[in-house]
Amino acid sequence: MDDGYTDRVLDLVERIPPGRVLSYGAVAEILDEGGPRQVGRVMAMDGGAVAWWRVVRADGSLTAAHGMGAQEHYAEEGTPMRANGHAVDMSRALWQYRD
DNA sequence: CTCTTGACGCCGG
DNA sequence: TCCGGCGCCAAGA
């Protein structure tokens, strides 16, 4: 199977600096292939091997899988959170990727 | 080959 | 703000 895509996704996620995040769509855009759903699939399969908590939805909100301790990581990394605390402040936490 | 489903995203109402 | 619809791509039944 094509683990190439999986590797590229996981590699990018590993490159996300602590305290920063990327959205599923952003990952797809940076890799310039697949889409948000493909990224989500990869994370669902092998996301456990990387910093899965650094990948959130486009609006900064979290998903079911993020509830298992992601907030602990955010607090530890000092990730900017929205007032409610159940979503990331995208305007500040979104990683400005550049190659 | 078709239909459903999903760690998604954007637009309306 | 909350909800629903449609588009998106790939995998499984």
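Order of the sequence lines fixes the chain letters, A, B, ..., with proteins taken first and strands second; residue numbering starts at 1 for each chain.
Between the P atom of C:dA10 and the CZ atom of A:R8 lies a distance of 12 Å, rounded to the nearest Å. Taking atom OH of A:Y24 as the reference point, atom C1' of B:dG9 lies 12 Å away to the nearest angstrom. Rounded to an integer number of Å, the gap from A:L31 CG to C:dC9 P is 15 Å. A:L22 places its CG atom 15 Å from the P atom of B:dC8, with the value rounded to the nearest Å. As rounded to whole Å, 18 Å separates atom P of C:dC9 from atom CE of A:M45.
Listed here is the closest heavy atom pair of A:S23 and A:M90: CB-CE, 4.3 Å. A:A93 and A:P80 get closest at one heavy-atom pair: CB-CD, 3.7 Å. Between A:R57 and A:Y24 the shortest heavy-atom distance is N-CE1, 3.8 Å. The heavy-atom pair separating A:A70 from A:W53 by the smallest distance is CB-CB, 3.8 Å. Considering all non-hydrogen atoms of both residues, A:D59 and A:S61 come closest at OD1-OG, 2.6 Å.
Ion pairing between A:R92 and A:D89 holds under the 4.0 Å rule for side-chain N and carboxylate O.
Of the inter-residue distances, the one linking A:I30 atom CD1 with A:R8 atom CZ reads 14.0 Å to the nearest 0.5 angstrom.
Within residues 73-99 of chain A, no residue approaches DNA chain C, by heavy-atom distance under 4.0 Å. Interface residues of residues 32-44 of chain A facing DNA chain C, ordered by number: A:R37, A:Q38, A:R41; criterion, heavy-atom separation under 4.0 Å.
The backbone N or O of A:W52 sits less than 3.5 Å from a side-chain atom of A:H66, completing a donor-acceptor pair.
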